[in-house]
K.L.:
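The following block contains the structure, expressed as structure tokens.
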Protein chains: 2
Amino acid sequence: MSVALAADQRLPIYQRLKDALVERITVGEWRAGDLLPAETQLAADYQVALGTVRKALEGLVGDGVLERQQGRGTYVRRPDFGNALFRFFRLTDAAGTVVQPQARILDRWVAPAAGLAPRLEIAADAAVLHLFRERTVNAVPILVEEIAVAADRFLPLIELPADAFGDLLYPLYDQRCGQTVVRARETIRFGHATPRIATALGCTDSTPLAIIERTAFGRDGGVLEWRRSFGPADQFNYTIDLK
Amino acid sequence: MSVALAADQRLPIYQRLKDALVERITVGEWRAGDLLPAETQLAADYQVALGTVRKALEGLVGDGVLERQQGRGTYVRRPDFGNALFRFFRLTDAAGTVVQPQARILDRWVAPAAGLAPRLEIAADAAVLHLFRERTVNAVPILVEEIAVAADRFLPLIELPADAFGDLLYPLYDQRCGQTVVRARETIRFGHATPRIATALGCTDSTPLAIIERTAFGRDGGVLEWRRSFGPADQFNYTIDLK
DNA sequence: ATCCTCTAATCCTCTAGAGGAGTGGAGGGG
DNA sequence: CCCCTCCACTCCTCTAGAGGATTAGAGGAT
């Protein structure tokens, strides 16, 4: 196979090659976990030197898009958002082992975006799928979440049985809807419960809460999901490394 | 000048070169902001190919140790912890512009490490310099901090006049004591004020607080400083990008 | 069935060098 | 004095290729 590097001729070749490879991943030609052609093959395909291919591939490794392993090959990285959110709460049992929380969909509906339009970067009259979800450990609710996604991108989720959602949403987005979350931005603050949140959490309106707002972005940089999570502040515990 | 790459012969040359360069920075031969020799010069000094030097230098750029600029040279990066902590609080005035908070030393004393020994990675009977510090905006206290450092590494600070500390400690550490903070780990949680904290913040004991514990590390990976900051929870507001 | 050796494929390390592009200062013209 | 051109120096891009390390699988020996 032979491929031409289009794009802006003023950009360096390795940059255009990076863009070309990301594009092929974005359109789904290669999916998470897939093996890319060998670097020698890519060099031949794109008619560039091996060193240039390596520079592009190493750049994509640095960007978190690819993984390379000597003797095996170059793979599309599987984004691991597993339980990133739960770094924020103490989820160890009495023995000190980490506990995987369970998820349950409490409510689900579709409505116009309205006030959520700017957060999801869609039109105000576009349909939005809302999920109201609780997360429990040993049947004790520790977090409730309001989740909003553009309905047209997540059509399969509207009809999916509530008990088929599983504990993690991002693998579901990936498998059922072809939408891969690669980046997210979170804002943390402290506040108080609304009656609805208090009921779901089994606490009072005056209980202090940690509130986490998350915007999740897809491979193309667009917003995939917006969610707001509420949990008891006294269980909040978050560690981060700076620089 | 000609230099030999000692270290474990089994490691790749570029890795040993990285180690050698970091070592020369650690011992103070090059300080923050200093210009390194040109890559051609380094290649001649260490008797390796230019590409190998570049791989080492690019690695150190990735590690945040160096900065390179085409046409200028390679420089030791100036760590910019400026007001990293203040990402955690809303510090914009009514007009929306960012406000630089002022710092004031409220108290200072030296005592044996005791319970702080493990946090500072020093002996229990080693001397620790304690600082009790407030940070204000428009004379309103928004944060108080308990700071602890190993006294023997920060001798100049024991006698320094309290009004000579300035608003930022890390540049002071660097300039007065030759200790450079390059990395930090923070843990955020929710709690309530002790009487002493409440007095300093001008609030009551029951006021909800955001508590930030920070351990700051030096170039050699050792602990330089441990601090705990307290601020009103209702002003807490923190944004982070994930992966 | 298990273990071993061999082999092909892959990425990693390292070398060598040509040409390009950005920076900053020296020197000259106005 | 100011502006411009030129130039030395720097890092950046790209090429070309040799040899090594690691992996996974095929095939044979036990």
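All values derive from a computational prediction rather than experimental measurement.
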K.L.:
Is the distance from OP1 or OP2 of C:dT13 to the nearest side-chain N or O of B:T52 less than 4.0 Å?
P.N.:
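Negative; the distance criterion is not met.
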K.L.:
Think B:R72 has a side-chain N or O under 4.0 angstrom from the OP1 or OP2 of C:dG24?
P.N.:
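Answer yes for this pair, as a side-chain N or O of B:R72 is under 4.0 Å from OP1 or OP2.
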K.L.:
Whole-Å distance between D:dT13 P and B:L57 CG?
P.N.:
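Checked: the CG to P distance equals 14 Å.
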K.L.:
Tell me yes or no: between the side chains of A:D220 and A:T26, is some donor less than 3.5 Å from an acceptor?
P.N.:
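No, because no side-chain N or O of A:D220 sits under 3.5 Å from a partner of the opposite role on A:T26.
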K.L.:
Taking the nucleotide of DNA chain D with the closest heavy atom to each, which residue, A:R54 or A:G71, is nearer the 5' end?
P.N.:
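It is A:R54 whose nearest nucleotide is closer to the 5' end.
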K.L.:
Let me know the distance between CD1 of A:I13 and P of D:dA16, rounded to the nearest Å.
P.N.:
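Rounded to whole Å, this separation is 10 Å.
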K.L.:
Rounded to the nearest angstrom, tell me the gap between atom CD in B:E39 and atom P in C:dG17.
P.N.:
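It is 15 Å, rounded to the nearest whole Å.
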K.L.:
Send over the distance from B:Q47 CD to C:dT15 C1', rounded to a whole Å.
P.N.:
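Taking CD of B:Q47 and C1' of C:dT15, I get 13 Å after rounding.
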K.L.:
Take the angle between the ring planes of A:F154 and A:Y173 and call it parallel below 30°, perpendicular above 60°, tilted in between.
P.N.:
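A:F154 vs A:Y173 ring planes: perpendicular.
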K.L.:
Taking atom P of C:dT10 as reference, at what distance in whole Å does atom CG of A:L35 sit?
P.N.:
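Computing the A:L35:CG to C:dT10:P distance gives 8 Å.
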K.L.:
Taking only the side-chain nitrogens and oxygens of A:Y14, find out if one of them lies under 4.0 Å from OP1 or OP2 of D:dT13.
P.N.:
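True: A:Y14 side-chain N/O within range (under 4.0 Å) of D:dT13 OP1/OP2.
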K.L.:
Checking side chain to side chain donor-acceptor pair (under 3.5 Å) for the pair A:T74/A:R68: CA distance, chi angles, key distance, verdict?
P.N.:
CA-CA 4 Å; A:T74 303; A:R68 315 191 73 190; 3.2 Å; yes
K.L.:
Looking across every strand, which nucleic acid part, if any, lies under 4.0 Å from A:T40 by heavy atom: base, sugar-phosphate, or nothing?
P.N.:
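Nothing, no heavy atom under 4.0 Å.
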K.L.:
For the pair made of CZ in B:R10 and P in C:dC14, what is the distance, rounded to whole Å?
P.N.:
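The distance from CZ of B:R10 to P of C:dC14 comes to 15 Å, rounded to the nearest Å.
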K.L.:
Who is the Watson-Crick or G-U wobble partner of D:dC7, with both distances under 3.5 Å?
P.N.:
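C:dG24 is the nucleotide pairing with D:dC7.
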K.L.:
Counting side-chain heavy atoms from CB outward, which of C:dC11, D:dT15, C:dT13 is closest to B:P12?
P.N.:
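The answer is C:dT13, which lies nearest to the side chain.
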K.L.:
On DNA chain D, check which nucleotide each of A:G51 and B:L36 is closest to and give me the residue with the more 5' one.
P.N.:
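With A:G51 and B:L36 compared, the 5'-side residue is B:L36.
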K.L.:
When you get a sec, tell me which of C:dG20, C:dC11, D:dT15 is the closest nucleotide to the side chain of A:Q70?
P.N.:
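Looking only at side-chain atoms, A:Q70 lies closest to C:dC11.
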K.L.:
When we call it a touch if two heavy atoms are under 4.0 Å apart, what does B:L50 touch: a base, just sugar-phosphate, or nothing?
P.N.:
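No contact.
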K.L.:
Could you give the CD-to-C1' distance, from A:Q15 to D:dC14, as a whole number of Å?
P.N.:
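About 15 Å, once rounded to whole Å.
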K.L.:
If every non-hydrogen atom of B:I147 is compared with every non-hydrogen atom of B:R133, which pair is closest and at what distance?
P.N.:
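Closest approach of B:I147 to B:R133, heavy atoms only: CD1-CD, 3.7 Å.
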K.L.:
Would one find more than 12 heavy atoms of other residues, nucleotides or ligands at under 6.0 Å from atom CZ of B:R176?
P.N.:
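No.
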K.L.:
Go through C:dG24, D:dT15, D:dT22 for me and flag the one nearest to the A:A49 side chain.
P.N.:
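Nearest listed nucleotide: D:dT15.
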K.L.:
Side-chain N or O of A:T74 versus OP1/OP2 of C:dC11: is the shortest distance under 4.0 Å?
P.N.:
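For C:dC11, OP1 or OP2 has a side-chain N or O of A:T74 closer than 4.0 Å.
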K.L.:
CZ/A:R214 to OG1/A:T187 distance, rounded to the nearest 0.5 angstrom?
P.N.:
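If we round to the nearest 0.5 Å, A:R214:CZ and A:T187:OG1 are 11.5 Å apart.
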K.L.:
Mind calculating the distance between CG (B:L11) and P (D:dG20) to the nearest angstrom?
P.N.:
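These atoms are roughly 18 Å apart.
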K.L.:
For C:dC14, does either OP1 or OP2 sit under 4.0 Å from a side-chain N or O belonging to B:K55?
P.N.:
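So the side chain of B:K55 is outside the cut-off, no N or O lying under 4.0 Å from OP1 or OP2 of C:dC14.
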K.L.:
Suppose we define a pair by two distances each less than 3.5 Å, Watson-Crick or G-U wobble; what does D:dT30 pair with here?
P.N.:
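WC or wobble partner is C:dA1.
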K.L.:
Looking only at side-chain N and O atoms, does A:R68 come under 4.0 Å of OP1 or OP2 in C:dC12?
P.N.:
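For C:dC12, OP1/OP2 do have a side-chain N/O of A:R68 under 4.0 Å.
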K.L.:
For A:G73 and for B:Q69, locate the closest nucleotide of DNA chain C by heavy-atom distance; then report the residue assigned to the nucleotide nearer the 5' terminus.
P.N.:
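With A:G73 and B:Q69 compared, the 5'-side residue is A:G73.
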